[in-house]
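Chain identifiers are assigned alphabetically (A, B, ...) following the order of the sequence lines, protein sequences preceding nucleic acid strands; residue numbering begins at 1 within each chain. Everything quoted here is computed from the prediction, not taken from an experiment.
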Protein chains: 2
Amino acid sequence: MARKTGSHSDITGPRVRAAALRLFARDGFAAVSMRQIAAEVGVQAGALYLYTPDKQALLFDLLKAHMDDVLSHWAAEPKGSGPQEALEAFVRFHIRFSLTRAEAVFLSYMELRNLTADHFAKIEALRRAYEDQLEAILEEGQASGAFAVPDTKLATMAIIAMLTGVNTWYREGGRLSRDRVEQIYQDMVRSAVQA
Amino acid sequence: MARKTGSHSDITGPRVRAAALRLFARDGFAAVSMRQIAAEVGVQAGALYLYTPDKQALLFDLLKAHMDDVLSHWAAEPKGSGPQEALEAFVRFHIRFSLTRAEAVFLSYMELRNLTADHFAKIEALRRAYEDQLEAILEEGQASGAFAVPDTKLATMAIIAMLTGVNTWYREGGRLSRDRVEQIYQDMVRSAVQA
DNA sequence: CTTGGAATTGAACGCGCGTGCAGATACCAC
DNA sequence: GTGGTATCTGCACGCGCGTTCAATTCCAAG
C-alpha cells in the first residue's frame, strides 16, 4: 500500500488520512506522533513518508481537502430562488455538513496555527471564499429589501459562528433531532436579519 | 522569587502565569515547553516548579482563574431591570470582557482537551454556570412574554457562540469600533429572540 | 558580620519525537 | 520461475521534552 514511485504530489493514502484526521481531531496536531498514526494504520512510522513529505503536509492536506469539500458541496446545493430561500439553504447546509464532518470542521479551526505561513494563507483564502457565499446572500437580500442587517460582514461572521457552534454541543440521539435543530436555527437566523 | 516553603496550593507566580498564558495562547499548550516559559520569565526551567507542581496544573490554574474571573465580573455587572435589559447587559458584557481577555478566552475553549478528567469537569462546571446565567435571562423573558424562543437552551448556545466569535475577527483599530460592534450584536440578538 | 532558610541554577534522567535510509518483502508482468 | 519495482520494516540519528535534585546564591534578621 503506497503511491506510485516517488512523487508526493498526488493524493495521500486514504487510510493514512483517515487515521490522521481521527487522531488530530481527538488529541490535537502537536500531541499526535507519526508513530501513533502509523500504529492506527497498522504500519511502521517510516512507511508514512511514502504518503506525505512530512507531518505538517499531512495536516495541510486534510484541511485543504475539507475546504474544497465544503465549497464544492455548497456549490452543488439547491438554493431555491431569492435571498430568503438561499439563506435557509445556507443554514441547513452548514449545520448538516458540519455535523457529518465534525472531525474535519473541528480540525479546520483548531489547527490553523500549526500551518506554515503559505499553507495558512491558502486555507484562509478558501475559508474567506466560503464566508463570501453567505455574505453575497445577505447583500442581495439587503438590496432587495428582504433583509435589514446593519452590516453584512458582521452578520456573516455572527451567523457562521452561531451555526458552527452547533458542533460543540450537538450529540446524535440527544434531546433534539438534527432536523429540529436546523429548523430552530433557521428561525433564529431569519428573525435576526428580517427587514 | 518564589512562594513560601513547600506547598503549591496558593497562587501561581504572576509572572509565570502571564508568560504561560501568552505562550499557550499563541502556540498551543502542547507546543510550548517549560523551558520556553522559563525563558520568557527570565529563569531556568527548574525554577518553574516552585510555582506549579507540573505543566498541566499551570494550564488548569489559568483556565480556572479565567472562569472565576468571568463569573465574578458578570455577578458585579449592573443588569438593569427586566429580561430585555438583562439580555442587553449580557451581550455587552460578554463581548467587552472577551475582547479584553482575548488570550484567556481563546485558551479556555482551545485547550480543554489537555486537562485531566477531573480538571476538565471543574472547568466545564464553571462554563455551564456561566451559560446558565444567560439561559435564566431567556427563560425569564420567555415567561414574561418578552421573548419568543423555541428552545432556551439552544438559544443560549447560539448566542454565546455568536458573541464569542467576535474574538476571531475583531481587531483594535479596525473598520468598526468596539462600541459599534456591541451595538450591532445587541440588535441582532434582540431581534432573534423578540416575541 | 554571621547565619539560615528561601530562591534559583545547572546538570542530569529516561524518553519519545520527526525523519532518513539500507535492506527485506510482496506482488505483478513476462 | 524470474526479474524488477512498489511497498514496508527496523534501526538509527540528533534533539528537546517534563521533571528532579544537589549545590549554589541571595537576602533579611539577629
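Not counting sequence neighbours, the partners of B:His119 by the ring pair (Phe, Tyr, Trp, His ring centres under 6.0 Å) test are B:Phe60.
Heavy atoms of other residues, nucleotides or ligands lying less than 6.0 angstrom from NZ of B:Lys153 number more than 12.
Shown here for A:Phe97 and A:Thr100, the closest heavy-atom pair between the two residues is O-OG1, 3.1 Å.
Listed nucleotides C:dT9, D:dC17, C:dG18 differ in distance to B:Gln44; the shortest reach to its side chain belongs to C:dT9.
Atom CD in A:Gln36 sits roughly 6 Å away from atom P in C:dC17 (whole-Å rounding). Distance OH (A:Tyr49) to P (C:dT19): 4 Å, rounded to an integer number of Å. We find that CE of B:Met34 is positioned 16 Å from C1' of C:dG10, with the value rounded to whole Å. D:dG10 atom C1' lies 14 Å from atom CG of A:Leu48, rounded to whole Å. Between the CG atom of B:Leu59 and the C1' atom of D:dG18 there is a distance of 15 Å, rounded to whole Å. Nucleotide D:dT20 holds its C1' atom 12 Å from the CG atom of B:Leu50, rounded to whole Å. Nucleotide C:dG18 holds its P atom 11 Å from the CG atom of A:Asp54, rounded to whole Å.
Checking A:Arg35 against B:Lys55, the closest nucleotide of DNA chain D that is more toward the 5' end is the one next to A:Arg35. Heavy-atom nearest nucleotides on DNA chain C were determined for A:Gln56 and for B:Gly46, and the one closer to the 5' end corresponds to B:Gly46.
Ring geometry for B:His94 versus B:Phe90: interplanar angle under 30°, hence parallel rather than tilted (30 to 60°).
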